[in-house]
Structure formats: structure tokens, C-alpha cells
Amino acid sequence: MESYQGKSVFGGIAIGKICVYQKEEQQVKRCRIEDIDRELARFHEACDTAGRQLKALYDKAVKEVGEASAAIFEIHQMMLEDMDYIESIENIIRTQSVNTEFAVAETSDNFQMVFASIDDEYMRGRAADVKDVSERLLSVLHGNHKDALHIDEPVIIIADDLAPSETVQLDKNKVLAFVTVHGSVNSHTAILARTMNIPALIGADIALDDSIDGKLAVVDGYEGRLYIDPDERTLESRRARMEEDLEKRRLLQTLKGRDNVTQDGQKIMVYANIGDLKDLGMVMQNDAGGIGLFRSEFIYLDKETFPTEDEQFKVYKTVAETMAGKRVIIRTLDIGADKQADYFNLGHEENPAMGCRAIRICLSRPEIFKTQLRAIFRASAYGKLAIMYPMITSVEEVLQIRKIADEVKDELRAHNIAFGDVEQGIMIETPAAAMISDLLAKEVDFFSIGTNDLTQYTLAIDRQNEKLDDFYNPHHRAVLRMIAMVVENSHKAGIWTGICGELGADPELTGLFLAMGVDELSVSPGRILGLRKIILETNVARCREEMLKKYL
Ligand code: PEP
Ligand code: MG
């Protein structure tokens, strides 16, 4: 048995086979080729194999996610048959007597550059397709026939690191746990693990090679340990702990249907954070009062090009209908920093967390913003939708946003398209927004505090930087005092405040948040009932003084 220590980002135990996920290093060397015909035949064989892979992926995706989402694999198949693309590769092989890998990489770079420079959003999106198809071809040529993140049975994924865009593509029913060598506990990949309700460790110093692939392992999210080839004692004790967890979950289920009310009668809303429609099952199962944060950017991350208004509308309508009149807060896209989609062409930034992200993209590219707003407003006719804007720093931004939202509503009215009464709120996740929350409160319907970013920007600590995990302290008085101030300012203006950052689920602070008068806590679905239990056991009048003194 081997064992490795990591940092746990979510508790729980998983037992299963390991699947090592190695990002393919597509290093391409230029080699001289003597037998051109043989090289051309090699190229065409690779195209056939890649085409078969794409066909299989298309068939699987049609069954699992529907035709519209599967279409991307069809587009990639077409790209593989595109004569301009094929002729360019053949031409490079012939005229320069070089290997196929080099010709594919060269063509890919050239085509991407051409597409990216076209002043048309759709064509710019094609640059990402060329990149994807070419990477697939290179992976086939390198002899890697396995489709990177496609898993057939439930496994423990071990990887160097996982980007949020890779994580969202995982089949959530087939991932028992994550273990990564790198990554920060505050990253979106960690947040996704919590939403998926699965144990996850990061920073495990483990050599990623095929020798551990397929071996039995245990991930202990309580101790932060990974055991490979566990001995009988380890297996037995962890199985017993799994049983205990199951029993606890069963007990928590008895709290379903109960109000979130303290012993002295203070009520608080407990909502769920979600990233996509697949999370709705957990939301229902755990009796969420609503959805406090729908990270809509994951719809964009799951795509190769901009999701259309109709594609988005269907997603938002499904959430609205499923939640049947309960409030659903959709956060407009928060792309940027660690959440990157190639087709946005954001370019390299020295400091992406402080760069072109979230509302800044929406305000500088209003066509993208308006498409999303139209989709949300249209879907609001089917349930109780609210919109929330991320990364706000000024009143002027809010006024600009409201003007755009009003334009969208006017356009819908002009076309006789129905929409509901939609609350519009903002995230308070920059110190600037917290400090002027008295002014912002006059312009919006609610606040939701994003403690993940608020901590990052207040403490000047990059939440992605794993070396700073020990310095990232969301219990810092500066952060907690800002939360208290925001709640107070919102109440003075007659609006409500929630917390949708990870801190909202911190059981140590539930009493403090209740004492501050926080109106809503939005947490990963798996944490709702545990939080309800704490609320039911709290007496705010009794703990108020102690909490305020200890933390503020
Ligand atoms: C936050 O910053 O606290 C938040 C909820 O948003 P995200 O984690 O997606 O940046
Ligand atoms: Mg944030």
C-alpha cells in the first residue's frame, strides 16, 4: 500500500479504480520524410481514426445530452473533411518533405490565425474548432487513441491539474473523487468538486504514470489522504466510515420540509449553488429553498463557441420550471481568470484575476451580454428568475447594466415576447463594492456576497495560487467586517443580502451570519441539510454578543 497526503477540498470517502488523466503534451518536431506517399497515407489513416472517434462521441452525446449539444462533434467531423484544411496539410507534407505532425500543427496555427482575425463572431469561433480537431489528429498520430476525459465506469481521477473547462465535461456520475498534484483549494475546480458532492484532494505529491492506472485506491477526504492498493485494514475502516456518512445523510434527510429557523425564531433562506442542469437533482434531493447562484459561465465553458440565445433560453427555462416558483438567481457570465473559453479570444493577460473578466467583458461586448439577458428574460416567463451581475465596482457600472437590461426588455415588448418580473441584484465581491454598498443598495434589488473573490481582493491573495492557501483567510476581520457592513447598508435601503461564496457554508460562522442578519445563505446542494441542522440548533440571542466579539 502506498499513501499520499494532499489538501482536502471536500470531505467524504471514495473507493474505486484509478484513472490517470494526463494532458497530452502535443510537442511537435519537424522531421524530414523520404517516402512522401507513405506519409500521406499515414495522414489519411489518422483522419479516418479521428473521424471514427468523433462519430462515436457524437452518438454518445446525442443519447446523453441531446442533438443540439452533440452537434459540435459533427462540426468537427466536417472540419476533418474540409478540403482547404486537408489540402493545406498535404501541400506542406509534399512541398517541404516533412512529417504529418508538423504539417498538421503548421496548418492549425495558420488557420487559427486567419479565423481569429475575421471580423465575425461565428468565424472567430471556428478558430477553436480548428485547434480542437488538429489536437485530436495529433493525439492519434502520437498513438494515443484514448479519448482523454471519457470514462466508462466510476473512477477516481488523478491528474496534474484540472481546468474548470475540463471538469465540467466530466460525466458526474462516473467520477468518484478527484486527486490533483496542483491546484488551489479556492479554485473553481475545487468548488465544482463540492457541488458534485465528491471527495477531492489537491496538492498530492504523486508521480503520474500509467503504472497506477486501474489500481484500486481509497480517497479519504477527511484526512486528505490517498491510499493506492489499500490493505484490508484501511479498506475496512474506510468502508465503515462510508456507512457512517450514509447514516448521517439519512438522518439529515429527515430535516427535509423543515423551515430554516433558529431556536429563537429567526428565519434565513438556504439556497443552492449550481453550475449546470445536472446539479438540479441534488438541489431537489436536498430541499433547497431556491437557487442562490447559477454560475451561468459553465454553459459557455462547456461549448466550443458562443451558446445561442435559444440554447441558453432552454437551460434557464428548465431551471425555472423545475424550481416551480422558487427563486432562481442566474449570475450573468463570469468568464475570465481561471474560467477561460478559447473562443472569447481574451488574449494573454499578466494578471487575469484583475483583468478582463465577468461584467467587464459584458459591458465592453454588449452583443454577448444582450444575448444572455434576452435568454434570461424570456425564460423568466416560466418561473421566478432573478439576475445577478458579478464583479461590480461602481454605481456607474450598475446604471449602464440597467440601461442595457431596459433596452432588452423594450425589444422583447416590441416583439410581444412575454417575460416576468425579474429582480436584479449584484454580487459584492470587490472591496470597492463593499465600501460603497450604501450607494449600490439604492440601485438594485438585492446583494449576494461572493466571499471567494472578496477574500482574494481584500487580502491581495490570488485564490488560484496554491502556495498561498495558508495565507488565504476568509475569517480575516477585514472580510467579516465588510460582510457586516454590506448587510447593514442593504437593510437600511430596504433590500436583502445573501452570501453565495464558499464561506456561507462554513459551520463555524453560521451563528455570526445569523447575528449579522444575513438573509440568505447559498451553498453547494450537499451542504444544505447540514446547514439547516445548525440553524435549527442555534439561539441567536444567546450567541450574538460572543460571535460579534470573537469575529468582528
Ligand atoms: C465568489 O467569488 O465568492 C463567488 C461566489 O463567485 P466565484 O467563486 O464563481 O468567483
Ligand atoms: Mg466571484
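First listed ligand is number 1; within each ligand, the first listed atom is number 1.
Under the 3.5 Å distance criterion, the side-chain polar atoms of Arg532 are left unmatched by any main-chain donor or acceptor of Val270. The backbone N or O of Gly526 lies less than 3.5 Å from no partner atom in the side chain of Ser524, so there is not a single donor-acceptor pair.
Interface of Arg463 with ligand 1, defined as ligand atoms under 4.0 Å from a residue heavy atom, comprises 2 (O), 7 (P), 8 (O), 10 (O). Within ligand 1, the atoms closer than 4.0 Å to a non-hydrogen atom of Asp334 are 10 (O), numbered from 1 in the order shown. Below 4.0 Å from some heavy atom of Leu293 lie the following atoms of ligand 1, by number and element: 5 (C). Below 4.0 Å from some heavy atom of Ile191 lie the following atoms of ligand 1, by number and element: 8 (O). For ligand 1, the atoms sitting less than 4.0 Å from at least one non-hydrogen atom of Gly450 are 1 (C), 2 (O), 3 (O), numbered in the order shown with element in parentheses. Ligand 1 places these atoms under 4.0 Å from at least one heavy atom of Lys339: 9 (O).
If you check which protein heavy atom lies closest to atom 6 (O) of ligand 1, you get Arg331 NH1, 2.8 Å. Regarding atom 5 (C) of ligand 1, its nearest protein heavy-atom neighbour is Arg295 NH2, 3.5 Å. At the top of the distance list for atom 7 (P) of ligand 1, counting protein heavy atoms only, stands His188 NE2, 3.2 Å.
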Would Thr322 and Val328 count as a side chain to side chain contact (heavy atoms under 4.5 Å, CB included) if you check the C-alpha gap in whole Å, the side-chain angles of each, and the deciding distance to 0.1 Å? CA-CA 10 Å; Thr322 312; Val328 174; over 6 Å; no
Let me see the working for Tyr300 and Ile335 under side chain to side chain contact (heavy atoms under 4.5 Å, CB included), right down to the final yes or no. CA-CA 8 Å; Tyr300 292 73; Ile335 288 284; 4.1 Å; yes
Taking it one step at a time, do Val9 and Phe178 satisfy side chain to side chain contact (heavy atoms under 4.5 Å, CB included)? CA-CA 10 Å; Val9 295; Phe178 292 118; over 6 Å; no
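Rounding to the nearest 0.5 Å gives a distance of 10.0 Å between CD of Gln340 and CZ of Arg357. Taking CD1 from Ile534 and CG from Leu514, the interatomic distance works out to 10.0 Å, rounded to the nearest 0.5 Å.
With a 6.0 Å radius and a threshold of 12 heavy atoms from other residues, nucleotides or ligands, Asp205 has its CG atom at or below the threshold.
Asp310 and Arg378 are joined by a salt bridge, as a carboxylate oxygen and a charged side-chain nitrogen come within less than 4.0 angstrom of each other. Look at Arg295 and Asp279 and you find no salt bridge, because none of the NZ, NE, NH1 or NH2 atoms lies under 4.0 Å from a carboxylate O.
The closest approach of Asp453 to the Mg ion (ligand 2), by N/O/S atoms, is made by OD2. In terms of distance to the Mg ion (ligand 2), the nearest N, O or S atom of Glu429 is named OE1.
At under 3.5 Å, not a single nitrogen or oxygen of Glu297, backbone or side chain, sits near a nitrogen or oxygen of ligand 1.
In this comparison of Glu502, Glu429, Met388, the heavy atom closest to atom 2 (O) of ligand 1 sits on Glu429. In this structure, of Thr430, Ile428, Asn273, Asn452, the residue bringing a heavy atom nearest to atom 4 (C) of ligand 1 is Asn452.
Close to ligand 1: Met427, with a non-hydrogen atom less than 4.0 angstrom away.
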